[in-house]
Protein chains: 2
Amino acid sequence: MLNQPTVNLALVDDHKLFRKGLISLIELVSTKYHILFEADNGVDLQQKIDPKKLPDIILMDVNMPKMDGFASVEWLTEKYPSIKVLVVSMVEKEETIVKMLKLGVKGYLCKDVEPKELGEALEAVNNKGYYYTDFITGKLVHSLQNGNAEKQKELEINPINNQEKQFLELACSELTYAEIADKMCLSPKTIDGYRNSLFEKLKVKSRVGLVLFAIKNRMVNWDYV
Amino acid sequence: MLNQPTVNLALVDDHKLFRKGLISLIELVSTKYHILFEADNGVDLQQKIDPKKLPDIILMDVNMPKMDGFASVEWLTEKYPSIKVLVVSMVEKEETIVKMLKLGVKGYLCKDVEPKELGEALEAVNNKGYYYTDFITGKLVHSLQNGNAEKQKELEINPINNQEKQFLELACSELTYAEIADKMCLSPKTIDGYRNSLFEKLKVKSRVGLVLFAIKNRMVNWDYV
DNA sequence: AGTGGCAACGGGAAAAAGCCTATTATTTGT
DNA sequence: ACAAATAATAGGCTTTTTCCCGTTGCCACT
């Protein structure tokens, strides 16, 4: 029997039951994988990661409290670019997938794939360095064709600032703009300005548009979950 | 060694990877559990359930496409009241838990519990018929104290009808009421009426309130996932 | 035939949202 | 120190939303 090298993994997902299940499945797939550590979210990951013993591959969720998948991957590529990230998420939205790919993840799996595919993905990422299925390529191509790139570009040039962010959160409530102005200790006219600039940046036409954007991008933290 | 009786389980969850992981964990906990079948959602459950060989316990997710946990449990208690339902969900919202308990589920687990607790819950539901942790009782008591019961009662007396539902969906967009009226081939004044009656029923004060309600209650089907 | 409920519609008005075009501080770069 | 950029603010105006009250036509019940 060949003595194959161990592949060190880390899991970042806020649901322990899912993590444990995943580990159990990975153990069934092959004995060469070793789970270095698990983390609940990005902050937890930052605390648990050991520079002297880095994982080869990180299985990463997208939606997590405190620090989500996007921020975590951004931090990882900045700090430990050698680590390969494989996203395992329930989100199948094109926007999310494209965003993650742009951040440089090595693969994207949906939580409804067969355990077998998880094994193949790990294998591929480990050997080839990436695992991109037709599913992902399809989403990517579609995204390019339908160019939602403009909104993204607009946001890259003109990112929403903290004030606007705070306003956006308050806009996702039944408060009137006057009341929001009050809460933020600003003139209603300033709020007017925030609204208009956000309309521009987010390419929306109404307050409902703001709310929908905020929710789609998980910028509201009502106990969603 | 005692020959313990087999406990038949069924799993209803839209994420195959989670299901498989769960099965793997259950097998580790005890050999007495046997997985009769898995289903992706309520509709799938209705197709796969066999009246001649019913499961003892069903592990049920809440948010699923086509037919969610609420509808599934409702259908189950109507059709097969003897089956005990144990909810396993990532949702920790009081509203959801209370709603599920009202529907008569035998237990509610969050997806971030230890695998050990899953075993205990299965054990408890199987033997005692229920598994209610302090976490759940706490939510329940809090709900009673803060009486969100009124909105619920209002909705039970005055359920939202199909027209209002359709309007509500359209209201979750950047269309103006005039445009919605157009789409629904009705006078703007009728739309006015729908809005007002929904304001009343849902206890909201603005269009944003409508949107938030619709989203919280998963009444919008933008590719959420 | 009369009564009551109800969904669809209309008039009218106040409040809020949305849209311009400026003006005034406050930073910021050089 | 000075020009440029940016944040906060204002005036004034249109459109949309929100609200209150009244009317009409339809259906069911007795």
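Below, chains carry the letters A, B, ... as their sequence lines are ordered, and counting in each starts from 1. Note that the structure is a prediction, hence the values are computed from the model and not measured. Values reported hereafter were calculated over all heavy atoms of this structure, with side chains retained and with hydrogens, waters and symmetry mates removed.
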Indicate every side-chain donor-acceptor pair of residues 77-89 of chain B with a distance under 3.5 Å to a residue at least two apart or in another chain.
| unit_1 | atom_1 | unit_2 | atom_2 | d |
| --- | --- | --- | --- | --- |
| T77(B) | OG1 | V73(B) | O | 3.0 |
| T77(B) | OG1 | E74(B) | O | 3.0 |
| S89(B) | OG | V91(B) | N | 2.8 |

Donor-acceptor contacts under 3.5 Å from residues 42-61 of chain B side chains, at least two apart:
| unit_1 | atom_1 | unit_2 | atom_2 | d |
| --- | --- | --- | --- | --- |
| D44(B) | OD2 | D40(B) | N | 2.8 |
| D44(B) | OD2 | K48(B) | NZ | 3.0 |
| K48(B) | NZ | E38(B) | O | 3.2 |
| D50(B) | OD1 | K52(B) | N | 3.0 |
| D56(B) | OD2 | N8(B) | N | 2.7 |

Original post:
Taking C-beta and beyond as the side chain, do N41(A) and D14(A) meet within less than 4.5 Å on heavy atoms?
Top reply: no

Subject >> Euclidean distance, K165(A) NZ relative to Y194(A) OH, rounded to 0.5 Å >> reply: 14.5 Å

Subject >> With D192(B) via side chain to side chain donor-acceptor pair (under 3.5 Å) - residues at least two apart >> reply: R195(B)

Original post:
Is NZ or CZ of K216(B) both nearer than 6.0 Å to the six-membered ring centre of F213(B) and within 45° of the ring axis?
Top reply: no

Original post:
For the helix from dA1(C)-dT30(D) to dT30(C)-dA1(D), what angle lies between the axis at the first five pairs and the axis at the last five pairs, to 10 degrees?
Top reply: 40°

Original post:
Can you check whether V7(A) reaches L122(A) side chain to side chain, under 4.5 Å on heavy atoms?
Top reply: no

**OP:** Let me have a per-nucleotide readout for nucleotides 6-25 of chain C, 5' to 3', with B, S or -, counting only protein heavy atoms under 4.0 Å.
**Re:** --SSBBB----SBB------

Original post:
Along nucleotides 22-29 of chain D, 5' to 3', which nucleotides get a B, which get an S, and which get a -, given that the test is a protein heavy-atom distance under 4.0 Å?
Top reply: --------

Subject >> Side-chain H-bond candidate by donor/acceptor type, E117(B) with Y131(B), under 3.5 Å >> reply: yes

Original post:
Do the non-hydrogen side-chain atoms of K99(B) and V62(B) ever get within less than 4.5 Å of each other?
Top reply: no

Original post:
So, E164(B) side chain and N161(B) main chain: donor-acceptor pair closer than 3.5 Å or not?
Top reply: yes

